[in-house]
Amino acid sequence: MVAETTLTTADLIWPVFVVEGHDVVQPVDSMPDVYRYSIDRLIPEVDAAIQLGIPAIALFPVVPSSRKSPSGDEAINPENLMCRALRALRSEFGDAIGLVADVALDPYTSHGHDGLLENDRVVNDATVEILCRQAVVQAEAGCTVIAPSDMMDGRIGRIRRSLDEAGYAECMIMAYAAKFASAFYGPFRDAVGSKQHLGTADKKTYQMDPANAREALHEVALDIAEGADLVMVKPGLPYLDIVYRIREAFGLPTAVYQVSGEYAMISAAAQNGWLDGPASMWESLLAMKRAGADVILTYAARAIARQLEVTDQ
Ligand code: PBG
């Protein structure tokens with residue numbers, strides 16, 4: 001009765017990995033209970049998420065190495081894996097679930113960076129051009145939300161204009177506004193296969209310094225001014241002060257991403273019997289709500305939704 005915060009299934013976005021092929025379900029070693037699904041196998045999994053009341057999924061493609069290139073052109077191919085998955089899900093489920101489409105080049109580049117490289121540096125403006133085209137092909141394929149995770153400057157405004165001009169004024173933008181250059185993304189890079197391509201390189205020239213909070217407010221203000229509908233903080237638990245400050249300062253729908261490394265830590269400890277997995281997961285996500293998050297991306301979305309179904313009865 002006196003609880004100030006509640007966690008509900010309606011708060012959750014489930015990130016999923018899609019892979020080429022037919023009848024493929026591959027476990028991700030560093031993420032217990034997380035799988036890469038081929039499109040045909042993804043459909044029943046998404047159906048189960050809809051039955052649980054999960055309002056949206058965030059799709060990430062596992063692009064075969066043969067389709068990667070320095071310029072990441074596969075990102076703007078309307079027949080790429082991502083676009084085929086979006087079309088299949090939209091035609092199967094209509095508006096029953098929101099489809100969040102990632103905008104960034106890292107699944108498609110042979111060097112694993114989110115943008116185009118010149119002299120080993122990611123170049124901002126040329127990257128923004130291709131991101132705009134990526135956003136439009138994904139909107140054409142049926143996504144509900146474009147989620148740029150690349151961290152280039154000025155891309156929200158440019159993507160907004162490109163979507164509007166192409167007739168997708170209703171397509172929302174969830175900006176990865178305060179995305180930190182974090183060590184907690186390791187298992188994700190395993191899952192999408194970008195780790196071996198990135199090698200020892202890092203993303204510190206475009207993702208944020210974990211030392212900075214004021215800069216996060218600045219990044220968010222820019223993305224809001226450029227037309228973001230939701231803003232995101234990523235990772236989650238180590239950055240709850242950022243979530244709190246952003247939600248207080250702007251009041252816009254604020255999302256937080258419980259990233260792969262956070263998920264892996266809890267899952268690994270639970271597998272060892274060192275933590276109560278479901279209880280620790282629930283507590284972490286509730287803490288994100290308490291800090292001000294309106295929306296939480298979590299690989300545990302379905303497990304938590306099942307847990308909530310039981311406890312709500
Ligand atoms: C890249 C991207 C990353 C994640 C989502 N999109 C990783 C990165 O920046 O290298 C991480 C998600 C996670 O760790 O769960 N555009």
Side-chain angles (χ1 to χ4, degrees), residues 12-18 28-36 56-63 68 72 74-75 82 100-117 122 124 127-128 130-131 134-135 138 143 145-152 155-156 159 173-210 219 232-239 255-268 281 284-285 288 295-301:
L12 306 177
I13 297 179
W14 183 40
V16 291
F17 300 110
V18 59
V28 178
D29 292 342
S30 48
M31 300 175 74
D33 288 328
V34 171
Y35 301 87
R36 307 178 190 92
I57 62 165
L59 272 178
F60 293 99
V62 182
V63 176
K68 298 188 192 221
E74 179 67 3
M82 181 72 165
V100 180
D102 187 56
V103 160
L105 297 186
D106 56 309
Y108 307 98
T109 51
S110 41
H111 42 71
H113 278 291
D114 292 25
L116 303 174
L117 283 189
V122 170
N124 192 90
T127 299
V128 172
I130 182 163
L131 297 179
Q134 182 183 21
Q138 293 182 160
C143 73
V145 180
I146 285 290
S149 68
D150 56 287
M151 286 298 277
M152 298 304 119
R155 89 282 202 213
I156 299 300
I159 289 173
I173 298 182
M174 176 165 68
Y176 285 66
K179 175 172 177 180
F180 290 86
S182 173
F184 289 99
Y185 305 149
F188 174 95
R189 293 177 189 170
D190 282 336
V192 297
S194 62
K195 192 180 249 169
Q196 74 268 30
H197 294 272
L198 196 59
T200 55
D202 63 54
K203 300 190 177 183
K204 290 180 182 167
T205 66
Y206 45 104
Q207 298 181 348
M208 283 189 54
D209 183 341
E219 291 279 1
M232 192 203 295
V233 176
K234 177 184 176 191
L237 211 59
Y239 294 87
V256 62
Y257 200 141
Q258 185 196 45
V259 299
S260 56
E262 298 176 70
Y263 175 88
M265 285 196 299
I266 294 174
S267 306
M281 191 62 81
S284 288
L285 301 175
M288 292 172 195
V295 174
I296 303 172
L297 291 93
T298 173
Y299 299 96

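Counting starts at 1 for both ligands and their atoms, following the listed order. Residue indices begin at 1 and follow the sequence shown. Given the structure is predicted, the values throughout are model-derived calculations rather than measurements.
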(message) Between ligand 1 and Tyr257, can you find any atom pair, the residue atom being a heavy atom, that is separated by under 4.0 Å?
(response) yes
(request) Distance to 0.1 Å, residue and atom name: give those for the protein heavy atom nearest to atom 1 (C) of ligand 1. (result) Asp106 OD2, 3.0 Å
(message) How far is atom 14 (O) of ligand 1 from the closest protein heavy atom, and which atom is that?
(response) Ser260 OG, 2.7 Å
(message) With salt bridge (charged side-chain N to carboxylate O under 4.0 Å, His left out) as the test, pick out the partner of Lys195 among Asp106, Asp29, Asp202, Asp190.
(response) Asp190
(message) Does any N or O of ligand 1 fall below 3.5 Å from an N or O anywhere on Asp114, backbone included?
(response) yes
(message) For Phe184, does the six-membered ring have the charged nitrogen or CZ of Lys234 within the cation-pi criterion, i.e. under 6.0 angstrom from the centroid and within 45° of the normal?
(response) no
(message) Checking the side chain of Thr127 only, and the main-chain atoms of Gly115 only, is there a donor and an acceptor separated by less than 3.5 Å?
(response) no
(request) Enumerate the atoms of ligand 1 whose separation from the nearest heavy atom of Ala104 is less than 4.0 angstrom. (result) 16 (N)
(request) If you have a sec, work out which protein heavy atom is nearest atom 16 (N) of ligand 1 and how many Å separate them, to one decimal? (result) Ser149 OG, 2.8 Å
(request) Out of Arg189, Lys195, Lys234, Gln207, indicate the one that has the non-hydrogen atom closest to atom 3 (C) of ligand 1. (result) Lys234
(request) List the closest protein heavy-atom neighbour of atom 8 (C) of ligand 1: residue, atom name, distance to the nearest 0.1 Å. (result) Lys203 NZ, 3.3 Å
(message) Check the orientation of Tyr299 and Phe17. Use parallel for under 30°, tilted for 30 to 60°, and perpendicular for over 60°.
(response) parallel
(message) Show the atoms of ligand 1 that are less than 4.0 angstrom away from any heavy atom in Tyr299.
(response) 12 (C), 13 (C), 15 (O)
(message) Run the ring pair (Phe, Tyr, Trp, His ring centres under 6.0 Å) test on Phe180 and Tyr239 for me, step by step, so that the C-alpha distance in whole Å, both residues' side-chain angles and the decisive distance to 0.1 Å come before the verdict.
(response) CA-CA 9 Å; Phe180 290 86; Tyr239 294 87; 4.3 Å; yes
(request) Using the side chain to side chain contact (heavy atoms under 4.5 Å, CB included) rule, pick out the option among Lys179, Lys203, Glu219 that qualifies with Met208. (result) Glu219
(message) Considering non-hydrogen atoms of the protein only, which is the closest contact for atom 2 (C) of ligand 1, and what is the distance?
(response) Lys179 NZ, 3.2 Å
(message) Looking at Arg155 and Asp150, is any side-chain nitrogen of the basic one under 4.0 Å from a carboxylate oxygen of the acidic one?
(response) yes
(request) Return the minimal non-hydrogen interatomic distance between Pro148 and Ile156, and the atom names on each side. (result) CG-CD1, 3.8 Å
(request) Just need the protein heavy atom nearest to atom 7 (C) of ligand 1, so name the residue and atom and give the distance. (result) Phe188 CD2, 3.6 Å
